[in-house]
Amino acid sequence: MISLIIDGKQVQVEEGKTVLEAAKSIGIDIPTLCHDPRLKPHGSCRICVVEIEGAKSGLTTSCTAPVSEGMNVSTESEKVVNARRDILDLMLANHPLDCMTCQQAGKCTLQDLCYKYDVKESSFKGDKKKFEIDDSNNFYYSDQEKCILCGKCVYVCSELQCTNAINFSERGFDTHIAAPFEEKLETSTCVSCGNCVSVCPVGALVPKSKEKFRYWETKPVRTTCSYCGVGCQMDLLVKYDKVVEVQPAMGPSNEGLLCVKGKFAFNFVNHPDRLKTPLLKKDGEFVEITWDEAYNVIAEKMNSTKENFGPDSIAGLTSARCTNEENYLMQKLMRAVIGTNNADHCARL
Amino acid sequence: MKSIAELEKIQRESLTKVNIRRIKQGKNTIGSEESFNTEDGVRSHVLVCAGTGCTSSKSLEILKKLEKEIEKYNLKDEIKIVKTGCFGFCEAGPIIVVYPEGTFYSHIKVEDVEKITEEHLLNGNIVKDLLFKGSIKEDEIVPINEVDFYKKQKRMALRNCGLINPEDVKEYIALDGYKALAKALSEMTPEEVIEEVKNSGLRGRGGGGFPTGLKWGFTANAVDDEKYVACNADEGDPGAFMDRSILEGDPHSLIEAMAIAGYAVGAELGYVYVRAEYPIAVERLQIAIDQAREIELLGKNIFGTDFNFDMEIRLGAGAFVCGEETALINSIEGKRGMPRPRPPFPANKGIFNKPTLLNNVETYANVPEIILKGAEWFANIGTERSKGTKVFALGGKINNTGLLEVPMGTTLRDVIYEVGGGIPKNKDFKAVQTGGPSGGCIPSDYLDTAIDYDNLIELGSMMGSGGMIVMDEDNCMVDIARFFLDFTVEESCGKCTPCREGTKRMLELLDKITSGEGEMEDIDKLESLANTIKSSSLCGLGQTAPNPVLSTLKYFRHEYEAHVKEKTCPAGNCQDLLTYFITDGCKGCTLCAKACPVNAISGKTKTQHIINTEICIKCGACMEKCPFDAIIKK
Amino acid sequence: MTNSIAEVKCADTIFVTGSNTTENHPVIGAQVKQAIKNGTKLIVADPREIELAKYADVFLQITPGTNIALFNGMMNVIVNENLQDEEFIKERTEDFEDFKKVVMEYTPERCGEICGVDPEDIRKAARIYAKANKASILYAMGITQHSTGTEHVMSVSNLAILCGNVGKEGTGVNPLRGQNNVQGACDMGALATVFPGYQKVNNPDVIEKFEKAWQAKLSSSPGLTASEMIQEAYDGNVKLMYIMGENPMVSDPDTNHTRKALENLDFLLVQDIFLTETAEFADLVLPAASFAEKEGTFTNTERRIQIVRKVVQPRGNSKPDWVIIMEIMNRLGYDKTYNNPCEIMEEIASVTPQYAGIDYGRIEEKGIQWPCPTKDHQGTKFLHEGKFARGKGLFKAIEYTPAAELADENYPLILTTGRILYQYHTRTMTNKTEGINKIAPESYIEISPALAEKLSIVDGEKIKVASRRGEIETKAKVTDIVTDNVVFMPFHWAEGAANVLTNGAALDKKSKTPELKVCAVKVEKIS
């Protein structure tokens, strides 16, 4: 274990931990933009700089600095705060100030940090980058004018999703994120997993939402994805009884990743075609009936079939899409109530 | 090569062939009886510089012509023509040197070749009017090594440049080449090699001046199944070309050094990362690698030991940032050249995450000398904390533009006035910028500073790779800062915020100031932003990018203030702040009016002309044309 | 899966066969690629040059239905070169000698011929797999959906135990389950022959246990599997079917046969969230709540029981499936009621040994991987540590048997089917998202450039595909992902449906899985 002092507080952490992790372990929140615990630290945004006593050159990024014995760290010294303000000032100088209409508002780390450090507007009035919004992808927009080049999208795509669809293009002030040869995302190797969208700290990568909503109007509910068997954990964001977005969660099997279906194909929940009432076929047409009527028909049909043809003339096809509890009840219905083992499901299809 | 005896045999055979070039230079390191033997019947060696500089001034055509002439006069057996690397004195190029006399011909054109052949090579008369001016001292012709430019130099890293044919490994071997490797492999343990390098006090010649031996030690101590040694030959500082010159003029010194390094740290593969813009260097290095492989100085069981070593060249696409070690490593791995955070340092996790030793060409070039002559010998040269010599690329407002190598501790004044020959047109010295685009500007008050790593840092500059640009009274220091920043803005990799966004804003502020739009608070803003960039950037490029601004602010703040408060450029350099006038010295020759591209000058023949400042675009064409110096700007 | 998903990253060799992981289990696919980035070796055996093939150290593009020959060939090399794990075989397995006799017949040359691959590649793959310290096999429907599916699975397990690649972290046999809760449905006894927890219906002790627990008289004769139900309906023996959340009209093989079967029923009750192709045939349709509108648990492919939470209210008058089933049970005179799924889980835990330690409180955060026999058990990260469930690992000598229907003069091509990244199963959920439908709007068939040229078909052209069971029109996708004698179709679409063509008659003898991965077809230009 390594002992160090952060903002006057003694802290002990394992060797190899970073200053950022050590600070977090005692509840000191150092702001970050490019950091993601799943990624190799890249040290791009520099917002997490701290002052380490006796350090040779300037400030140190806490996300990349390993702890060492006796370290004395200040996370909000005047020098640190001034550097953070300058960095935010620089980001803001090259970022549209359209927070009023930005989809990311309320979930934008740049917005939060400018608020925290009182950076109202940029003090630099120079060039701003100019890019067209790439709306070619079916599920998300890429607005390079809003990008602060933290690189998380690139690294999530290359280190976690391993698709390598995007990377940095050009350099210096002209740097931006692009698919190879500046092709549109639609024609790139992007598989629309949306994992880049999920980690973007600003409004550069945002889902093509069907609903207009503000993040502060939504409530996240943790659940399990209903598509394939990986069992990804996700948060459904709900506004007024409607699912408006899906965010990946750090589940044991998905580690914060999702695929295109889990991330973007949730529209079925709200879809107008959903069945809303029992339907009985009369003369080849479905007519709406009540639950009570439906149950009567079912009881009548089941009882008479069982009576006339025996329990094994009834079969129940239960579902790999339903919950354990529902599958349990379905087979129990067939076995304990009807009296047949004709309960099966499409495990093999 | 399976034994040292084999090497010695080649040396003996080759030495007689190159001795003719060494006598005048008094170089006699070998000390054996063969030292002064020369080849029977060979009267002269004619050395033609085939470095990048001279080549671009047609030295290869000169060489071809020379060969033809020699053929014509049937002198082939008596006169040998040698294609060499760079002599360093680029100002004087294309250069031809004739041995044994050491005759130094400068600024040679293809047409001059016949004359040299007929008069000098055939009849033995030196062609005086083609001689380098400085080689005539008190009516006597002195050999090249006694010319001022060379006299005060101590050439160690450049020891063979301009002396041997880089495409012939035997010439390298003749001058003690690969002896250091032989010594290391046969007489020293890897630990002893590292100890020797440590004791020599050698520090990295590429940037920060990190103690080389320590670095070797770290890499040697790192535990892994595979390690690499690598050479940074991505010389990105505009104007600096010492690494290129070594690769072009003495590539085997690098191969030998890297093999020694490989032995010391436990690596069997060396990568040389060299920019593709150095085609001659790449070609000669490849030839050298091939030759070394052929005589088994690269490969398996070198000198019959169990040490294996080979090398590969990786071409860089010319990004300045790829000179930064972690960006270079990314680039070698085939990734985008962007720096990685450190730690982990390359000594622990470098190329493909394996422990990697990375030095630049000049650093490596010193190693064989250290191993051969000993750490003590090396440590005797230089200052307390900076040992050995340093190569500088001298440019700007200086008479002797070129590459020079002096002991650490030589004063700036000696370099500029003694070796460099002072400032053209006797203008006043204003500042010298050292360390490439991210170095600082040092004013005249500090001309007597002894050059070493720490002194330069003290003055707000740095050694860097050894760029040295001299400025005179006509240089505006604000504009100079703007110029260097323009370069770093262009070359920022774009990864970290302070460098990518910050340098751009600094440049915009400098543009504003030099165009006369600046306000006093812009100077403060510039300074504070510069400090943030310096303290919070990811890599050395960003951390040092503000140096030109910070150092000029420190020493020449009044120039900044003049631009802002008085809207003038004291050096008369910033076009936006100048107005062109015609004085009464005007004779009315009308040349200026004809030269003006926008017809801003009017006046009758033989009467004083007038510039309409409303129309004038300040291009300076009139001033250049005026035969009477009657046009001024202020 | 014998292992956990995250363990993919600690395997030093991964053998992917019969699984297009990056498309069908994208998040596992990503983790496989992360492993490769860190130096893990990869072997891929698949009829198509799937994305993972690009990363493979060895890619074996086998003819559909020949996996057993490939595995036997690999095992032949392993035994011949003495690369097997002798100690593991001695300590933890039985019947090795019988197995060895059969395997010795399968030289790489013979198997290369059967599979259509270079024998050298079989050797290479065998060596990589056998020399690995921790090798993991990932497979999916490409292994199971054969008339010899069970034998395929046994053959995979032969390979694993031969090299001692079971029962350790990162190494094992890992079937990737296709649907969110197919693992759970099996665990819950939604199988014709077993009660919850794979307790056999023909075991009197089990019957007694469940009769007591459920307070009902139970049948001990095995029921009908899904495919058999359809057949029995077709034959008129099954009169009433209750189908919950399934769409056999699209997912089952031989659609024409399925349609006739459903039409032949006296009464069809379908319960779903949309009016599916199957629901169209129903006499009564019940509206169910979606996963976002109810509580419960899913068990994922790594046996992890995780919570599903109610996010929004059920749409209209729809109800969660568990409520509907409970109300039907009650209406039929079975009085047991549950206030919430949590109470159902309590009952599940009481009758299912593997789930005995599960309750909602415990799985709130991260879920638990069964077996979890007691309330203080932490769950099981990987199976078979120290010993197998049955005691000794059993080697089964398995001969290669060709697929039931092979290419011939009339139907010269082999059709294999599967899924794609952008659609899910029968599209009832995915086709409600615009972007998905833009990318994957309609049925298609992958054919090789050479075949396309031979038939004068261009990319995107509507063509006719026919098998002995039916014919469809679909779009040609010309791609070199498939070989010249193999075509591939995703089965998602009801229009131009692949399952009109597939062979529903050829079932695996044991599991009754239909041979969806191999049938013979012909492709024709529509002139």
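Protein chains get the first letters and strands the later ones, always in sequence-line order, with residue 1 at the start of each.
In summary, the side chains of A:Asn137 and A:Ser142 do not present any donor paired with an acceptor at a separation below 3.5 Å, with no hydrogens or angles considered. With no hydrogens or angles considered, no side-chain donor-acceptor pair links A:Arg222 and A:Gln233 at under 3.5 Å. Under 3.5 Å, the side chains of A:Tyr141 and A:Gln103 contain no donor-acceptor pair of N or O atoms. Under 3.5 Å, the side chains of A:Glu245 and A:Thr218 contain no donor-acceptor pair of N or O atoms.
Heavy atoms closer than 4.5 Å to chain C are found in the backbone of A:Leu258, but not in its side chain. For A:Cys228, the parts lying near chain C are the backbone and the side chain together; criterion is any non-hydrogen pair under 4.5 Å. For A:Asn195, no part sits under 4.5 Å from any heavy atom of chain C, backbone or side chain. Heavy atoms of C:Ile305 lying under 4.5 Å from chain A belong exclusively to its side chain. With a 4.5 angstrom heavy-atom cutoff, C:Ile5 touches chain A only via side-chain atoms. Using a 4.5 Å cut-off between heavy atoms, C:Gln145 touches chain A through its side chain atoms alone. Neither the backbone nor the side chain of A:Asp235 comes within contact range of chain C; no heavy atoms are under 4.5 Å apart. The contact between A:Val230 and chain C is made by backbone and side chain atoms together, counting heavy-atom distances below 4.5 Å. Proximity to chain C (any heavy atom under 4.5 Å) is restricted, for A:Val337, to the side chain, taken from C-beta onward. Heavy-atom distances place no part of C:Ala233 under 4.5 Å from chain A, backbone and side chain included. The part of C:Glu295 that comes within reach of chain A is its backbone (N, CA, C, O), which places non-hydrogen atoms under 4.5 angstrom from that chain. Contact annotation for A:Thr163: both backbone and side-chain heavy atoms come within less than 4.5 Å of a heavy atom of chain C. Contact annotation for C:Met429: both backbone and side-chain heavy atoms come within less than 4.5 Å of a heavy atom of chain A. Proximity to chain C (any heavy atom under 4.5 Å) is shown, for A:Tyr328, by both the backbone and the side chain.
A:Tyr140 and A:Phe264 have parallel rings, their planes meeting at less than 30° on a 0 to 90° scale where 60° marks the start of perpendicular. Ring-plane geometry between A:Tyr227 and C:Tyr424 is classed as perpendicular, the angle between the planes exceeding 60 degrees on a 0 to 90 degree scale with a lower cut at 30.
Taking chain A as the reference chain and counting heavy-atom pairs below 4.5 Å, the highest number among C:His25, C:Glu327, C:Lys217 is found for C:Glu327. For chain A, the option among C:Thr301, C:Val311, C:Val308 with the highest count of heavy-atom pairs below 4.5 Å is C:Val311.
Using a cutoff of 4.0 Å between basic side-chain nitrogens and carboxylate oxygens, C:Glu228 and C:Lys512 are scored as salt-bridged.
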For residues 266-274 of chain C, dump all side-chain donor-acceptor pairs below 3.5 Å to protein atoms at least two apart in sequence or in another chain.
unit_1   : atom_1 : unit_2   : atom_2 : d
C:Gln271 : OE1    : C:Tyr242 : OH     : 2.4
C:Gln271 : NE2    : C:Asp321 : OD1    : 2.7

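Taking a 6.0 Å sphere around NZ of C:Lys37, one finds it holds more than 12 heavy atoms contributed by other residues, nucleotides or ligands.
Listed by first then second residue, pairs satisfying side chain to side chain donor-acceptor pair (under 3.5 Å) with a partner in residues 301-310 of chain A number zero, not counting sequence neighbours.
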